[in-house]
Amino acid sequence: MKLLPIAVLLLLFNSASIAIAQTVPVDLLRKNGCMACHGLVHKQVGPGFAQIAERYRNDPGAPPRLAEKIRDGSVGTWGRVIMPRQSLVSEADSRVLATWVLSQPPLAKKEGPK
């Protein structure tokens, strides 16, 4: 009969580790203050996430480079605006954020005057 409590504990432990492994990008955006400088679509201080996705859409090397820029910061990529170093963001979280940013849908094309 002692097997039942052990099985329950193993099941609970496994469920908890799966929940931890599935980090929600929106939670990471909030936790790390990304929205203080970036809009979902348009530039605030830095470019909007949709603008970033648009620039790197067809670049297969973009995800690891973007994850590195999140952690190490950059300057000059989007003009004179500085992306400060985000050293408190883990490598794993920066990869999740980079993948999410690059997954943003294409910007809607504006129609000209009719």
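In what follows, residues are counted from 1 in the order of the sequence shown. Because the structure is a prediction, the values reported are computed rather than measured.
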key: Ionic contact status for Arg65 with Glu68, cut-off 4.0 Å   =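 Here Glu68 does not pair with Arg65 in a salt bridge, since their nearest N and O are not under 4.0 Å apart.
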request  = Find the distance between OG (Ser74) and NZ (Lys69) and round it off to the nearest 0.5 Å.
outcome  =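 It is 4.5 Å, given to the nearest 0.5 Å.
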ask   = Roughly how far, to the nearest 0.5 Å, is CD of Gln51 from CG of Leu107?
value = 6.5 Å
task = Determine whether Arg55 and Trp78 make a side-chain contact, defined as any pair of heavy atoms from C-beta on separated by less than 4.5 Å.
result = yes
key: Arg95 to Trp100, cation-pi by 6.0 Å centre distance and 45° axis angle   =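 Relative to the ring axis of Trp100, which defines the angle, Arg95 lies outside at least one limit.
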Do you know which two heavy atoms are closest between [X] and [Y], and how far apart they sit?
X: Arg71; Y: Ser94; value: CD-OG, 3.5 Å
X: Arg80; Y: Val75; value: O-CG2, 4.3 Å
X: Ala98; Y: Pro63; value: CB-O, 3.6 Å
X: Tyr56; Y: Leu102; value: CB-CD2, 3.7 Å

ask   = Do Val41 and Leu66 belong to the same hydrophobic cluster, where Ile, Leu, Val, Met, Phe, Trp and Tyr are linked whenever their side-chain heavy atoms lie under 4.5 Å apart, directly or via other members?
value = yes
Give every donor-acceptor pair under 3.5 Å between a side-chain atom in residues 28-40 and any protein atom, sequence neighbours left out.
residue	atom	partner	partner atom	Å
Asn32	ND2	Leu28	O	2.9
His38	ND1	Pro47	O	2.6

inquiry  = A quick test of your reading: do over 12 heavy atoms of other residues, nucleotides or ligands sit less than 6.0 Å from CD of Gln44?
reply    =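 Yes.
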task = Step by step, work out the side-chain contact (heavy atoms from CB on, under 4.5 Å) result for Thr77 and Met83.
result = CA-CA 9 Å; Thr77 306; Met83 166 70 182; over 6 Å; no
